[in-house]
S.K.: 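There's a structure below that I have some questions on.
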Amino acid sequence: PHRGMRFQPMMGDEVIVDVLEEDPHKPIIIGRVYNGQNRPQLKPEDRIQNQILTPYHHKLIFDDKKKTVTLNTGGGETIHLADAAESEDFGNQVKISTADNHSIQLAKGGQLKGLQIQTEAGHSILLKDDPSPSILIKDKSGKLHLTYDTDNEIIALVNEGSAQIDVKWGTGAVKVGARGINREWE
């Protein structure tokens, strides 16, 4: 059929076997059980969670207490979905992250209402909806950033480091540095 779930028992799994039509030549596995060596993944107090775990450590977790669904690959890639109140830090959110710390997060909560993208090195782009709509692009050091404030219609390019800022177009350029402003035209 084109629906349902199938999890093939692995060698060493303890299973429950029944037979079809009371015929011992027609065995069918109807379930798997835990034993002293093969224990459940969840502690008794966490049983509000349901998990699917593969032998390669891929994991799908449904957490009714936290109102989340998380999918993890064995290599550490993650998709996290959360239904939460807007008063919480990230509220309703979707976050996709890689094992090497790249991430994309969409959220509507107290700490973030918008979209955030971050690289492994720490470069980031933030598209913020509320309380002050803006776009912020930062380098990994946090010293160089570009902000577009949509409420006040201001574009700010900030360099807290020692290098100059170059603005180029067509055949011209403006260079702003600690020693002043230099214009170049061809």
Side-chain angles (χ1 to χ4, degrees), residues 46 48-186:
D46 294 332
I48 193 83
Q49 268 187 4
N50 292 298
Q51 283 188 25
I52 298 171
L53 180 64
T54 72
Y56 300 102
H57 304 285
H58 300 307
K59 193 184 316 184
L60 180 59
I61 303 168
F62 300 92
D63 190 322
D64 292 334
K65 189 174 184 178
K66 294 179 183 176
K67 301 178 187 173
T68 62
V69 175
T70 306
L71 173 64
N72 295 317
T73 67
E77 317 304 329
T78 303
I79 299 174
H80 179 78
L81 311 167
D83 294 331
E86 283 187 40
S87 60
E88 294 185 25
D89 284 350
F90 296 103
N92 291 322
Q93 68 168 316
V94 175
K95 184 173 184 178
I96 301 170
S97 54
T98 64
D100 54 1
N101 294 321
H102 290 91
S103 67
I104 298 174
Q105 183 173 16
L106 299 89
K108 187 173 183 184
Q111 188 172 336
L112 174 63
K113 290 183 182 175
L115 167 68
Q116 183 172 15
I117 301 171
Q118 188 161 332
T119 69
E120 173 185 16
H123 303 298
S124 67
I125 299 173
L126 175 62
L127 307 168
K128 197 165 94 173
D129 290 333
D130 208 20
S132 173
S134 59
I135 299 169
L136 175 63
I137 301 172
K138 279 188 176 182
D139 78 329
K140 65 182 180 182
S141 70
K143 292 181 178 180
L144 181 61
H145 48 93
L146 174 66
T147 304
Y148 177 66
D149 178 340
T150 55
D151 280 347
N152 299 309
E153 298 180 352
I154 297 171
I155 297 174
L157 178 58
V158 177
N159 183 356
E160 296 172 359
S162 59
Q164 69 184 20
I165 297 173
D166 296 348
V167 180
K168 299 178 182 180
W169 65 94
T171 59
V174 173
K175 297 181 179 188
V176 180
R179 295 186 178 154
I181 299 172
N182 182 21
R183 295 180 287 173
E184 297 176 1
W185 312 103
E186 288 185 22

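Just so you know, residue 1 is the first one in the sequence shown, and it goes up from there.
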S.K.: Check whether any side-chain N or O of H123 sits under 3.5 Å from a backbone N or O of K140 as a donor-acceptor pair, and report yes or no.
M.R.: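 Yes.
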
S.K.: Under a 4.5 Å cut-off applied to non-hydrogen side-chain atoms, are L136 and K128 in contact?
M.R.: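 Of all side-chain heavy-atom pairs linking K128 with L136, none is under 4.5 Å.
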
S.K.: Do side-chain atoms of N92 reach the backbone of A84 as a donor and acceptor pair under 3.5 angstrom?
M.R.: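 It does hold such a pair.
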
S.K.: Output yes when a side-chain donor or acceptor of E77 lies under 3.5 Å from a complementary backbone atom of A99, and no otherwise.
M.R.: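 Side chain of E77 to backbone of A99: a pair is present.
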
S.K.: Quick check for you: to the nearest 0.5 Å, what is the distance between Q118 atom CD and I104 atom CD1?
M.R.: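 Q118 CD to I104 CD1: 11.5 Å, rounded to 0.5 Å.
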
S.K.: What's the verdict on side-chain contact (heavy atoms from CB on, under 4.5 Å) for V167 and V176, showing C-alpha distance, side-chain angles and the deciding distance?
M.R.: CA-CA 8 Å; V167 180; V176 180; 5.9 Å; no

S.K.: If we check side chain to side chain contact (heavy atoms under 4.5 Å, CB included) with Q51, which of these qualifies: T70, D63, I61, L60?
M.R.: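 Of T70, D63, I61, L60, side chain to side chain contact (heavy atoms under 4.5 Å, CB included) with Q51 is met by I61 alone.
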
S.K.: Kindly determine whether T68 and H80 satisfy side-chain contact (heavy atoms from CB on, under 4.5 Å), including the steps that lead there.
M.R.: CA-CA 7 Å; T68 62; H80 179 78; 3.7 Å; yes

S.K.: Closest heavy-atom contact between K143 and G161?
M.R.: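 Heavy-atom minimum between the residues: CB-N, 4.2 Å.
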
S.K.: Are the side chains of H145 and E160 in touch, meaning some heavy atoms are under 4.5 Å apart?
M.R.: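 They are in side-chain contact.
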
S.K.: Does atom CD1 (I181) have a neighbourhood of more than 12 heavy atoms from anything else shown, all under 6.0 Å?
M.R.: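 No, CD1 of I181 has 12 or fewer neighbouring heavy atoms, counting only those of other groups under 6.0 Å.
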
S.K.: Using a 4.5 Å cut-off on heavy atoms from C-beta on, say whether the side chain of T73 contacts that of Y56.
M.R.: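 Result no, sub-4.5 Å side-chain heavy-atom pair not found.
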
S.K.: Considering non-hydrogen atoms only, spot the tightest contact between G74 and H58 and give its length.
M.R.: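 Taking every non-hydrogen atom into account, N-ND1, 3.0 Å.
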
S.K.: Which distance, rounded to the nearest 0.5 Å, do you find between the CG of D129 and the NZ of K113?
M.R.: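 One gets 9.0 Å once the value is rounded to the nearest 0.5 Å.
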
S.K.: side-chain contact (heavy atoms from CB on, under 4.5 Å) for I137 and L144? Distances and angles first, verdict last.
M.R.: CA-CA 8 Å; I137 301 172; L144 181 61; over 6 Å; no

S.K.: Return the CD to OG distance between Q105 and S97, rounded to the nearest 0.5 Å.
M.R.: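 Answer for the CD-OG pair, Q105 versus S97, is 9.0 Å.
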
S.K.: Could you measure the distance from the CG atom of L71 to the CZ atom of F62? Nearest 0.5 Å is fine.
M.R.: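 Here the rounded value is 9.0 Å.
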
S.K.: Side chains of D149 and S134: is there a donor and an acceptor less than 3.5 Å apart?
M.R.: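 No donor-acceptor contact under 3.5 Å links the two side chains.
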
S.K.: At their closest point, which heavy atom of Q164 faces which heavy atom of G177, and how far apart are they?
M.R.: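 Shortest heavy-atom contact: CB-CA, 3.9 Å.
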
